[in-house]
J.: 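Take this structure, written in structure tokens, and hold onto it; I'll ask about it next.
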Amino acid sequence: MLQNILLVVMILISLSLTGLVLLQKSEGGALGMGGGPSGFMTARGAGNLLTKATWALALAGVLCAIGLTIVGNMSRGNRSVIDAEAVGALVTPTAPPAGTDAAPVQIDPAAPAPAVDAPTGSLSDLEAEISGAAPAAAQPAPAE
């Protein structure tokens, strides 16, 4: 609920900021070049009401974005992506086909994973396999 409210406020701030920027007088020149003595950092240009309103809306937009980030992460809590419970909850046991008497297999998320044969080749063996050439002979490690 709060996230939806902040999202609507962020949209209103963005539209208002766009309107304020379009209402302001151009400072002349392309891409902020030039502008003369009534430029952005001079004493005369800094007191303009539209400039102050633009800065206020920009600050409100940044604060609203930070608030949206905080509210969006509140529901996530302190769970990690790689928690055992989270990974175990993702694994769903498959049901046996209809008409068979096989019992469903129970998966224990805390149990260690079964050993998987790791590839024993080197990078040059993989490159040779891809290119279709014979793998290079293994070289012993240099002695210290």
Side-chain angles (χ1 to χ4, degrees), residues 1-136 138-139 141-142:
M1 171 97 177
L2 181 61
Q3 190 172 9
N4 290 337
I5 293 171
L6 284 176
L7 191 60
V8 169
V9 169
M10 185 68 169
I11 292 170
L12 292 175
I13 289 172
S14 300
L15 293 174
S16 302
L17 188 61
T18 303
L20 271 178
V21 168
L22 290 175
L23 284 176
Q24 291 182 17
K25 184 183 91 166
S26 174
E27 293 194 10
L31 298 174
M33 297 175 62
S38 64
F40 173 67
M41 295 300 288
T42 61
R44 282 183 19 182
N48 192 354
L49 176 66
L50 289 177
T51 305
K52 288 183 179 182
T54 302
W55 278 104
L57 278 176
L59 179 65
V62 168
L63 293 176
C64 189
I66 292 171
L68 274 169
T69 302
I70 292 171
V71 170
N73 287 330
M74 286 174 74
S75 64
R76 191 171 148 239
N78 291 333
R79 291 184 52 194
S80 172
V81 179
I82 56 174
D83 282 342
E85 294 83 18
V87 173
L90 293 176
V91 177
T92 56
T94 58
T100 60
D101 294 332
V105 177
Q106 296 294 328
I107 300 173
D108 183 15
V116 178
D117 293 332
T120 57
S122 65
L123 182 59
S124 60
D125 292 341
L126 178 63
E127 291 171 348
E129 182 180 324
I130 291 172
S131 66
Q139 299 177 359

J.: Please tabulate, for side-chain N and O atoms in residues 59-69, each donor-acceptor pair with protein atoms closer than 3.5 Å (sequence neighbours left out).
T.:
residue	atom	partner	partner atom	Å
Thr69	OG1	Ala65	O	3.0

J.: Going by the rule side chain to side chain donor-acceptor pair (under 3.5 Å), which residues pair with Gln3 if we only count those two or more places apart in sequence or in a different chain?
T.: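 Gln3 satisfies side chain to side chain donor-acceptor pair (under 3.5 Å) with no residue once adjacent residues are dropped.
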
J.: Sequence neighbours excluded and cut-off under 3.5 Å, please list the side-chain donor-acceptor pairs for residues 9-20, or say none.
T.:
residue	atom	partner	partner atom	Å
Ser14	OG	Met10	O	2.9
Ser16	OG	Leu12	O	2.9
Thr18	OG1	Ser14	O	2.8

J.: Once you round to the nearest 0.5 Å, how far does CG of Leu50 lie from NZ of Lys52?
T.: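 Separation between the atoms: 12.0 Å.
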
